[in-house]
J.: 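Dropping a structure here in structure tokens format, bear with me for questions.
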Amino acid sequence: MAETEIRPTNFIRQIIDKDLASGVHSAIKTRFPPEPNGFLHIGHAKSICLNFGIAEDFGGTCNLRFDDTNPVKEDITYVNSIKEDVHWLGFDWGGEAKYSSDYFDKLHGFAVELIEKGLAYVDFSTQEQIREMRGTLKTPGTNSPYRDTDVKTNLAAFADMTAGKYKEGECCLRAKIDMTSSFIVMRDPVLYRVKFAHHHQTGDKWCIYPMYDFTHCISDALEGITHSLCTLEFQDNRRLYDWVIENISIDCQPRQYEFSRLNLEYTVLSKRRLIQLVTENHVDGWDDPRMPTIAGLRRRGYTPGSIREFCKRIGVTKMDNMVEMGMLEACIRDDLNVNAPRAMAVLEPIKLVIENYPADKSETLIALNHPNDESMGTREIEFSREVWIEAEDFRETANKKFKRLVLDKEVRLRNAYVVKAVRVDKDDAGNITTVYCEYDPETLGNDPADGRKVKGVIHWVDAKSGTPAEFRLYDRLFNVPNPAAQDDFVSAINSASLVTKKGWAEAGLAADRETHAWQFERTGYFCRDKDSRDDTLVFNQTVGLRDTWAKIGD
RNA sequence: UGGGGUAUAGCCAAGUUGGUAAGGCAGCGGGUUUUGAUCCCGCCAUUCGUAGGUUCGAGUCCUGCUACCCCAGCCA
């Protein structure tokens with residue numbers, strides 16, 4: 001596609017440039033560390049493009065690592081979907097995917113080391129007591145009565161914890177740091193908790209699981225990650241990240257840098273809310289084309305290149321942001337405009353009968369697959385006496401701004417003849433069902449010989465050969481730009497986010513299994529949906545064409 | 001005066017030793033066009049949250065304000 005050639009620049013790449021120039025690092029290693037507790041979304045794509053993009057551009061490597069320290073929230077189906085999505089986006093992690101759980105043994109050893117150094121202790125306080133002792137944002141915390149337990153006792157207690165002798169919530173392992181720190185994350189954070197849960201990778205081997213803050217930094221160090229990139233909400237956690245690395249016996253010193261997460265207008269990008277949309281059936285699943293998930297965007301017809309281009313265009317900073325949907329749409333339009341072959345489809349059909357065209361005649365016309373790219377070739381389309389046209393492309397009367405078919409006026413049928421409307425049929429309700437017209441046989445491939453100007457062009461589908469099709473038109477999932485700010489974001493769902501139309505597509509599309517996306521001329525970009533059946537094709541509208549007419553109105 | 005962060009156009013975002021505000025999206029004019037698309041051409045910040053200060057010169061340095069985001073899970 002038309003991906004921008006220029007290499008992105010951002011503060012993280014500048015830090016890496018300096019680290020390389022100063023010799024702090026000679027090779028760069030990053031990682032993309034999702035928790036397998038949901039499907040990847042466009043926000044993850046930003047992180048993926050950042051991490052894998054840096055690895056590519058600096059000749060380094062990027063690991064895919066599942067941050068799987070909380071088995072009760074995770075599932076193997078998510079790890080599989082995540083692998084698929086990262087690959088689909090066009091990135092490769094080289095070799096096997098990593099798991100934080102690969103390091104559970106080592107992590108446990110480091111925990112023991114901290115206990116031996118007097119830097120960690122087993123706390124038997126209740127969760128509520130721990131919360132109270134933590135203090136508040138403005139008042140310091142207080143020490144736990146278990147804080148000064150001797151090393152030997154702690155070692156034994158941790159061994160018992162590991163052996164399953166304590167119930168969930170009965171105790172936990174805490175780091176001994178500083179209960180008065182202004183960084184609340186440093187007020188003796190929990191390192192391990194008891195969970196009698198089956199883990200998708202380690203099975204029932206463990207009944208204690210390490211916390212994120214203890215796991216992530218060590219996993220980074222064990223993998224030799226040089227630059228650990230995460231989102232802004234982890235800025236405070238960086239102090240704990242560094243504390244852990246400094247207080248255990250490990251060589252590597254990865255550095256954490258934080259960037260702002262993506263916010264997109266008219267959708268939600270938090271896993272909690274996306275899960276809710278799926279489980280409460282507000283959408284048809286993780287790959288519903290209205291979802292901002294990678295799977296949803298893929299089914300909607302977005303290409304990997306368009307998503308990568310989007311990530312390039314939005315950049316990486318530390319500023320809170322809210323990106324307009326138009327930015328994403330511009331990326332897929334730019335891609336499909338050059339790569340999608342054109343075709344014709346009528347979404348809301350009325351019949352056009354050409355009265356001076358023989359009823360038994362039929363002819364094969366040649367149409368360009370792309371008006372600006374001859375290399376995309378041509379195709380044959382059938383034409384006969386009756387064709388479908390778009391209901392909105394005909395009016396009995398209209399002002400001159402309406403460049404379509406009007407009674408007693410002419411219009412060009414795309415790739416075919418100029419026709420003139422002469423009369424209409426209406427149903428009992430007064431809706432136009434059929435437009436009768438006359439065609440000018442001399443206008444195939446050239447303008448009228450007498451020099452009269454026909455300024456309108458409308459698309460059509462041959463009624464004799466056309467194939468029935470269902471068109472799914474999508475609008476924004478929410479009615480407000482920032483649904484997440486709503487008390488009840490579900491109430492802001494756009495009830496008209498999916499509109500289905502039954503119409504016709506040109507015959508050639510039924511057999512075409514190769515083409516990934518088309519531009520239905522004058523309508524928009526569409527892709528074939530997996531719901532397509534032999535008797536009815538199903539198309540998802542990826543995005544409409546830019547439409548200045550719609551803005552002007554009439 | 002808890003701490004950590006961020007403020008450049010409607011949106012995203014360059015701007016790195018202080019030297020006179022990139023680019024993209026959107027928008028607005030005009031041209032081409034058998035898609036009201038595409039493409040092409042032009043316009044779109046005397047000003048960088050705000051008030052002062054230093055300087056020949058400040059988006060960049062200093063000081064004071066203001067606004068917004070994050071942190072009190074045995075979630076990540």
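None of the values given here were measured: they were computed from a predicted structure. So that the names make sense, note that chain A is the first sequence line, chain B the second, and so on, each numbered from 1.
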J.: Look at the side-chain N and O atoms of Arg546(A) and state whether any lies under 4.0 Å from the OP1 or OP2 oxygen of U35(B).
T.: no

J.: Can you tell me which nucleotide in C25(B), G36(B), G4(B) comes closest to the side chain of Asp547(A)?
T.: G36(B)

J.: Looking at the base of U34(B), is there any donor atom on it, or on the side chain of Arg412(A), that sits under 3.5 Å from an acceptor on the other one?
T.: yes

J.: Taking the C1' atom in each of G59(B) and U50(B), what is the distance between them to the nearest angstrom?
T.: 14 Å

J.: Could you state the atom-to-atom distance from CG of Leu365(A) to C1' of U34(B) in whole Å?
T.: 12 Å

J.: Would you please classify the geometry between the Tyr417(A) ring and the Tyr439(A) ring as parallel, tilted or perpendicular, with 30° and 60° separating the classes?
T.: perpendicular

J.: Looking across every strand, which nucleic acid part, if any, lies under 4.0 Å from Gly524(A) by heavy atom: base, sugar-phosphate, or nothing?
T.: nothing

J.: For this output row, return yes or no: ring centroids of Tyr121(A) and Tyr146(A) closer than 6.0 angstrom.
T.: no

J.: Of the candidate nucleotides G36(B), U16(B), G5(B), which contains the atom at the shortest distance from the side chain of Arg239(A)?
T.: G5(B)

J.: Ring centres of Phe158(A) and Tyr192(A) under 6.0 Å apart?
T.: yes

J.: OP1 or OP2 of G3(B) sitting under 4.0 Å from any side-chain N/O of Arg238(A)?
T.: no

J.: Per the atom types in the model, does the base of U35(B) pair as donor or acceptor with the side chain of Arg342(A) at under 3.5 Å?
T.: yes

J.: Should Arg134(A) be listed as having a side-chain N or O under 4.0 Å from OP1 or OP2 of G73(B)?
T.: yes

J.: Taking 4.0 angstrom as the limit, do Glu223(A) and Lys98(A) come out as a salt bridge?
T.: no

J.: Does the separation of the ring centres of Phe234(A) and Tyr241(A) fall below 6.0 angstrom?
T.: no

J.: According to the Watson-Crick and G-U wobble definitions, with both distances under 3.5 Å, which nucleotide is paired to U35(B)?
T.: none

J.: Within the structure, does a side-chain N or O atom of Thr548(A) lie under 4.0 Å from either OP1 or OP2 of A37(B)?
T.: yes

J.: Please determine if a side-chain N or O atom of Lys453(A) lies less than 4.0 Å away from the OP1 or OP2 oxygen of U34(B).
T.: no

J.: Write down the distance separating the P atoms in A58(B) and U16(B), rounded off to the nearest Å.
T.: 16 Å

J.: If we take the P atom in both G18(B) and C28(B), what is their distance in whole Å?
T.: 42 Å

J.: Out of A76(B), U38(B), G15(B), which nucleotide sits closest to the side chain of Thr69(A)?
T.: A76(B)

J.: Would you please indicate yes or no on a ring centroid separation below 6.0 angstrom for Phe124(A) and Tyr166(A)?
T.: yes

J.: Between Trp549(A) and G36(B), do the rings stack, that is, sit under 5.5 Å apart with planes less than 30° off each other?
T.: yes

J.: Taking only the C1' atom of each, what is the distance from A7(B) to G15(B) in whole angstrom?
T.: 15 Å

J.: Identify which nucleotide among A76(B), G36(B), C25(B) has an atom closest to any side-chain atom of Val457(A), counting heavy atoms from C-beta outward.
T.: G36(B)

J.: Over 60° means perpendicular and under 30° means parallel, so tell me whether Trp206(A) and His108(A) are parallel, tilted or perpendicular.
T.: tilted

J.: Can you find a donor-acceptor N/O pair under 3.5 angstrom joining the side chain of Asn372(A) to the base of U38(B)?
T.: yes

J.: Could you check if a side-chain atom of Ile48(A) sits within less than 4.5 angstrom of a side-chain atom of Val86(A), using non-hydrogen atoms only?
T.: yes

J.: For Tyr212(A), report the nucleic acid contact type (base, sugar-phosphate, nothing); a contact means any heavy atom under 4.0 Å.
T.: base

J.: Starting from P on G5(B), measure out to CG on Asn237(A) and report it in whole angstrom.
T.: 13 Å

J.: Quick check on RNA chain B: between Pro34(A) and Arg414(A), whose nearest nucleotide comes earlier from the 5' end?
T.: Arg414(A)

J.: If you assign each of Asp123(A) and Gln235(A) to its closest nucleotide in RNA chain B, which residue comes earlier from the 5' end?
T.: Gln235(A)

J.: When you compare the protein's N or O atoms with those of nucleotides 9-13 of chain B, which come within less than 3.5 Å of each other, and at what distance?
T.:
from, atom 1, to, atom 2, distance (Å)
G10(B), N2, Glu324(A), OE1, 3.1
C11(B), O4', Glu324(A), OE2, 3.0
C11(B), O3', Met322(A), O, 3.2
C11(B), O2', Met322(A), O, 3.2
C12(B), OP1, Met322(A), N, 3.2
C12(B), O2', Ile314(A), O, 2.7
A13(B), OP1, Thr317(A), OG1, 2.8

J.: Say you pick atom C1' in U47(B) and the same atom in U8(B); how far apart are they, in whole Å?
T.: 9 Å

J.: Name the orientation of the base relative to the sugar in G73(B): syn if the glycosidic angle is within 90° of 0, else anti.
T.: syn

J.: How is Glu35(A) classified with respect to the nucleic acid when contacts are heavy atoms under 4.0 Å: base, sugar-phosphate, or nothing?
T.: sugar-phosphate

J.: What's the gap between C61(B) and G19(B) when it is taken at their P atoms, as a whole Å value?
T.: 11 Å

J.: Could you tell me the separation between the CG atom of Leu413(A) and the P atom of U35(B), rounded to a whole number of Å?
T.: 13 Å

J.: Hey, is the side chain of Arg522(A) poking within less than 4.0 Å of OP1 or OP2 on G36(B), counting only N and O atoms?
T.: yes

J.: Considering just the side-chain nitrogens and oxygens of Gln14(A), establish if one lies under 4.0 Å of OP1 or OP2 belonging to A14(B).
T.: no

J.: Distance check, C1' atoms only: A26(B) and C11(B), in whole angstrom units.
T.: 7 Å

J.: Hey, is the side chain of Arg131(A) pairing donor to acceptor with the base of G73(B) inside 3.5 Å?
T.: no

J.: Give the ring-plane orientation class for Tyr212(A) versus His216(A), where under 30° counts as parallel, over 60° as perpendicular and anything between as tilted.
T.: tilted

J.: Under 4.5 Å between any side-chain heavy atoms of Arg404(A) and Phe394(A), yes or no?
T.: no

